[in-house]
2 protein chains.
Amino acid sequence: MSRSKPTIDDVARVAGVSRATASRVINNAPGASGPLRVRVQEAVARLGYRPNEAARALASGRPRVVDVIAVSCDLPGGWLGSNPYYGRVLAGMMPLLEGVGAQLRVHALTHESAAGALDELAANVTLGAVLSDITPTLAARFHRRCRRVVSLVPTAATVPAMVADNIGGAYAAVTHLHRLGRRRIAAIHGPLISTCAADRRIGHLRAAQQLGLAEVSADAAFTREGGYRAAQRLLEQHPDLDAVFVACDLMAAGVVQALTAGGRRVPEDVNVIGFDDSVAAVCANPPLTTMRLPVEEMAAAAVRLLLSGDVPPGHRELFPAELVVRQSTGSPTVG
Amino acid sequence: MSRSKPTIDDVARVAGVSRATASRVINNAPGASGPLRVRVQEAVARLGYRPNEAARALASGRPRVVDVIAVSCDLPGGWLGSNPYYGRVLAGMMPLLEGVGAQLRVHALTHESAAGALDELAANVTLGAVLSDITPTLAARFHRRCRRVVSLVPTAATVPAMVADNIGGAYAAVTHLHRLGRRRIAAIHGPLISTCAADRRIGHLRAAQQLGLAEVSADAAFTREGGYRAAQRLLEQHPDLDAVFVACDLMAAGVVQALTAGGRRVPEDVNVIGFDDSVAAVCANPPLTTMRLPVEEMAAAAVRLLLSGDVPPGHRELFPAELVVRQSTGSPTVG
DNA sequence: GATAAGGGCGAGAGCGCTCTCACGGGAAGC
DNA sequence: GCTTCCCGTGAGAGCGCTCTCGCCCTTATC
């Protein structure tokens with residue numbers, strides 16, 4: 001049937017060679033040469049042959065797929081739509097995968113469905129999985145079932161991870177505000193379930209203690225609304241605050257809005273510093289000073305480790321957070 | 001070997017049934033019943049059996065995978081990291097795919113590599129492909145090679161599409177500004193290569209003509225920087241403008257910043273209206289009035305069509321853009 | 001000139017699963 | 001009590017590919 005897609009057998013027949021030789025040529029493997037190579041290539045071109053991924057995966061036992069897994073609190077995929085952070089993860093992986101002809105599969109799970117779904121996923125991991133958001137317990141469980149996995153957030157010690165220096169970043173952020181002469185520095189932290197948020201909290205507390213600052217803080221979800229409301233609360237309780245350290249840019253954008261709405265000028269009256277350097281930081285007005293996380297680099301490093309085939313348990317690389325100064329802390333820098 | 005993963009044969013042996021029956025139970029297919037069902041399920045649980053996706057895909061001839069394809073101008077994946085729009089596409093598809101146990105594969109292509117890569121992809125499309133960003137030519141080519149495809153942007157007429165009413169939305173946006181009493185309305189359009197941008201331009205021009213407005217506009221890339229610079233240019237040439245229609249929120253966030261930097265108050269001096277209702281719109285300060293596109297719904301509708309199995313060429317559904325009023329056009333609404 | 005060594009090539013056995021088909025036994029119909 | 005039908009079950013043939021073998025022909029070695 002000319003209707004159905006050509007298979008490698010068709011190619012072999014047309015080229016007048018065996019299926020094995022056709023396979024060798026198609027995969028650029030040694031052991032076939034000269035005129036046969038050309039004949040096979042011609043046949044491929046003539047038939048418009050494209051290898052079937054599924055068959056290739058089954059026969060070789062190692063499909064070329066990297067899975068990205070995020071466990072979020074709410075709707076499956078809710079995070080992807082609202083938090084620009086995750087886009088950077090995918091963006092960082094893409095060029096590398098492109099290079100080796102691997103594919104990217106995205107899985108968004110809710111906490112309820114996570115346990116079962118993760119087992120299912122673990123059984124079908126091929127090149128490897130990247131955990132972009134997950135709790136330590138679930139990560140450890142996943143790692144127990146599948147070794148080819150790298151986490152992008154701090155988790156159990158055994159799980160290989162490419163993690164940002166959240167503690168150091170938060171510490172540096174608070175220190176920066178202090179250096180600018182701010183003394184009544186409040187903090188808005190993320191949800192406790194997030195290990196990133198927990199680390200940023202630690203960094204903040206450490207800095208506050210060392211600098212002798214009062215520990216003024218509020219908790220919020222990693223959303224703009226969360227930041228907005230937390231800032232309102234903070235403003236009520238501490239109307240004289242002169243700086244806010246916010247654990248995520250999305251929240252920080254809300255904080256700036258709340259401050260403006262509350263009659264404060266940013267940065268003149270109150271300095272704001274965010275975290276992540278996501279699109280929310282540059283879209284805020286004024287643009288946010290923030291701690292840039294090399295998310296793309298971390299994601300790329302995770303993929304590189306997975307592609308290397310050797311993912312030692314406990315392997316951990318720490319990526320520094322870098323201060324990006326924009327206008328929300330008083331710099332004249334303009335985008 | 002207890003080392004290697006259990007197969008369906010192992011399950012069948014342990015359960016004391018045939019492979020066929022095991023398959024029936026595992027897939028919830030009719031034709032197996034009573035005690036056998038239980039025995040198979042017990043065996044599955046005991047062995048920790050998980051079906052192999054690749055084998056399943058090969059044998060059934062229809063792997064459960066939906067591909068999302070975007071062709072961007074720059075780096076592979078660059079768009080994903082910088083434009084929150086695409087996250088919404090993925091988020092919209094996720095719940096539906098979850099429901100049917102299908103997977104989501106993401107492909108980010110550059111214009112150079114697109115042609116060849118698209119052919120490759122078209123040959124391996126299974127449940128279907130969603131084109132989230134592509135030129136009409138490439139879309140038509142893809143559709144010629146693979147019918148199971150839906151575009152989320154306006155393309156060639158033959159390609160099935162779930163598209164937003166970009167023309168009507170832009171028209172409504174400009175009309176809204178006019179209704180607020182604004183008369184010196186400028187526009188910032190997106191790149192010509194984007195059909196969405198082209199349609200929004202048409203809508204703007206149509207409204208400008210009907211309302212008797214001067215056609216003041218600038219072009220920019222769909223980025224915050226692009227919006228910022230275009231606004232600066234516009235402000236130089238037309239310092240008296242009192243409103244700006246911007247073809248995308250990301251640009252609009254930059255526009256607000258440029259206006260603020262140029263000493264204009266938003267919304268008092270200049271009204272700004274964006275497009276998309278992305279995270280950039282709510283992060284901007286003041287939050288942006290914008291034309292909300294039901295991106296998630298469009299993406300979901302695309303998936304639903306693909307899952308239905310019947311994707312008639314030329315099929316097209318138009319999704320209305322909805323005005324979301326926030327502060328950048330003077331409303332007192334606060335997030 | 002005989003034997004060893006090497007490399008190109010094809011035959012064929014799976015990879016783990018789905019699905020068709022044929023079989024057999026119990027219920028229904030006469 | 002015999003035929004007919006139906007439904008639960010198992011045997012087995014692939015799905016399209018990779019990869020191991022072993023064959024055979026060529027080249028190197030003594």
Side-chain angles (χ1 to χ4, degrees), chain A residues 1 3-41 43-44 47-65 101 103 120 122-127, chain B residues 1 3-41 43-44 47-65 101-103 120 123-127:
Chain A
M1 235 32 192
R3 195 63 252 145
S4 60
K5 292 200 233 171
T7 72
I8 199 171
D9 284 301
D10 298 324
V11 172
R13 196 169 341 104
V14 169
V17 301
S18 74
R19 196 185 333 131
T21 298
S23 175
R24 285 183 191 108
V25 174
I26 289 162
N27 293 294
N28 264 321
S33 74
L36 288 200
R37 275 204 126 69
V38 177
R39 263 158 59 197
V40 171
Q41 278 156 358
V44 166
L47 296 173
Y49 168 78
R50 302 283 169 176
N52 175 315
E53 287 297 341
R56 197 175 250 196
L58 179 59
S60 68
R62 43 178 162 59
R64 320 232 66 191
V65 176
Q103 302 182 328
E120 181 87 39
N124 277 294
V125 160
T126 59
L127 278 178
Chain B
M1 233 36 191
R3 194 64 250 144
S4 61
K5 292 199 235 174
T7 72
I8 199 172
D9 284 302
D10 298 325
V11 172
R13 196 169 340 104
V14 168
V17 300
S18 74
R19 196 183 336 130
T21 298
S23 175
R24 284 185 192 107
V25 175
I26 288 161
N27 292 294
N28 263 320
S33 73
L36 289 200
R37 275 202 126 70
V38 177
R39 263 160 58 199
V40 171
Q41 278 156 357
V44 167
L47 296 172
Y49 167 78
R50 301 284 168 176
N52 175 315
E53 287 296 339
R56 196 176 250 195
L58 179 59
S60 69
R62 42 177 163 62
R64 319 233 66 190
V65 177
Q103 303 181 328
E120 181 87 37
N124 277 294
V125 161
T126 59
L127 278 178

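Hydrogens, waters and symmetry mates play no part in the numbers below; they use all other heavy atoms, side chains included. Just so it is clear, the model here is predicted, and its values are computed rather than measured. Here is the naming used below: chain letters follow the sequence lines, and residue numbers restart at 1 for every chain.
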Trainee: Mind calculating the distance between CZ (A/R19) and C1' (C/dA11) to the nearest angstrom?
Mentor: 9 Å
Trainee: Taking the minimum atom-to-atom distance to the side chain of B/A20, which one of D/dG10, C/dC17, C/dA13 wins?
Mentor: D/dG10
Trainee: Can you measure from CZ (B/R19) to CZ (B/R24) and round to the nearest 0.5 angstrom?
Mentor: 11.5 Å
Trainee: Out of D/dT18, D/dT9, C/dT18, which nucleotide sits closest to the side chain of B/A59?
Mentor: C/dT18
Trainee: Assuming nearest nucleotide by heavy-atom distance, tell me which of A/P51 and B/P35 is located more 5' along DNA chain D.
Mentor: B/P35
Trainee: Please state how far atom CZ in B/R37 lies from atom C1' in D/dG8, giving the value in whole angstrom units.
Mentor: 11 Å
Trainee: Whole angstrom is fine here: how far is it from CZ in A/R50 over to P in D/dC15?
Mentor: 22 Å
Trainee: Side-chain N or O of A/S18 versus OP1/OP2 of C/dG10: is the shortest distance under 4.0 Å?
Mentor: yes
Trainee: Could you tell me the separation between the CZ atom of B/R39 and the C1' atom of D/dG8, rounded to a whole number of Å?
Mentor: 13 Å
Trainee: Indicate the atoms forming the closest heavy-atom contact of B/D10 with B/K5, along with that distance.
Mentor: OD2-O, 4.3 Å
Trainee: When A/R39 is tested against each of A/V17, A/V14, A/V11 for side-chain contact (heavy atoms from CB on, under 4.5 Å), which residue passes?
Mentor: A/V17
Trainee: Using five pairs at each end of the helix from C/dG1-D/dC30 to C/dC30-D/dG1 to define an axis, what is the angle between those two axes, to 10°?
Mentor: 40°
Trainee: State, to 0.1 Å, how close A/I8 and A/Y49 come at their nearest heavy-atom pair, and which atoms those are.
Mentor: N-CE1, 3.4 Å
Trainee: With side chains defined as the heavy atoms from C-beta onward, is the minimum distance between A/V44 and A/Q41 less than 4.5 Å?
Mentor: no
Trainee: Give A/P30 one of three labels, base, sugar-phosphate or nothing, depending on what nucleic acid heavy atoms sit under 4.0 Å from its own.
Mentor: nothing
Trainee: Is B/I26 close to B/R56 at the side-chain level, that is, under 4.5 Å between some pair of heavy atoms?
Mentor: yes
Trainee: Provide, to the nearest angstrom, the distance between the CG atom belonging to B/N28 and the P atom belonging to C/dC19.
Mentor: 14 Å
Trainee: Spell out yes or no: do the side chain of A/R24 and the base of C/dG10 have one donor N/O and one acceptor N/O closer than 3.5 Å?
Mentor: yes
Trainee: Does a side-chain N or O from A/S23 land closer than 4.0 Å to OP1 or OP2 of D/dT18, or not?
Mentor: yes
Trainee: Taking the side chain of B/T21 as heavy atoms from C-beta outward, which of C/dC17, D/dG10, D/dC17 is closest to it?
Mentor: D/dG10
Trainee: Just to verify, what does B/R37 make a salt bridge (charged side-chain N to carboxylate O under 4.0 Å, His left out) with, not counting sequence neighbours?
Mentor: none
Trainee: Over how many whole Å does the gap from B/I26 atom CD1 to C/dC17 atom P extend?
Mentor: 7 Å
Trainee: To the nearest angstrom, how far is B/I8 atom CD1 from D/dG12 atom P?
Mentor: 17 Å
Trainee: Mind calculating the distance between CZ (B/R56) and C1' (D/dG16) to the nearest angstrom?
Mentor: 19 Å
Trainee: D/dC17, D/dG16, D/dG10: which one has an atom nearest the side-chain heavy atoms of A/L58?
Mentor: D/dG16
Trainee: What's the shortest heavy-atom distance between B/L127 and B/A102, and which atoms?
Mentor: CD1-CB, 3.6 Å
Trainee: Between B/N52 and C/dC15, does any side-chain N or O lie under 4.0 Å from OP1 or OP2?
Mentor: no
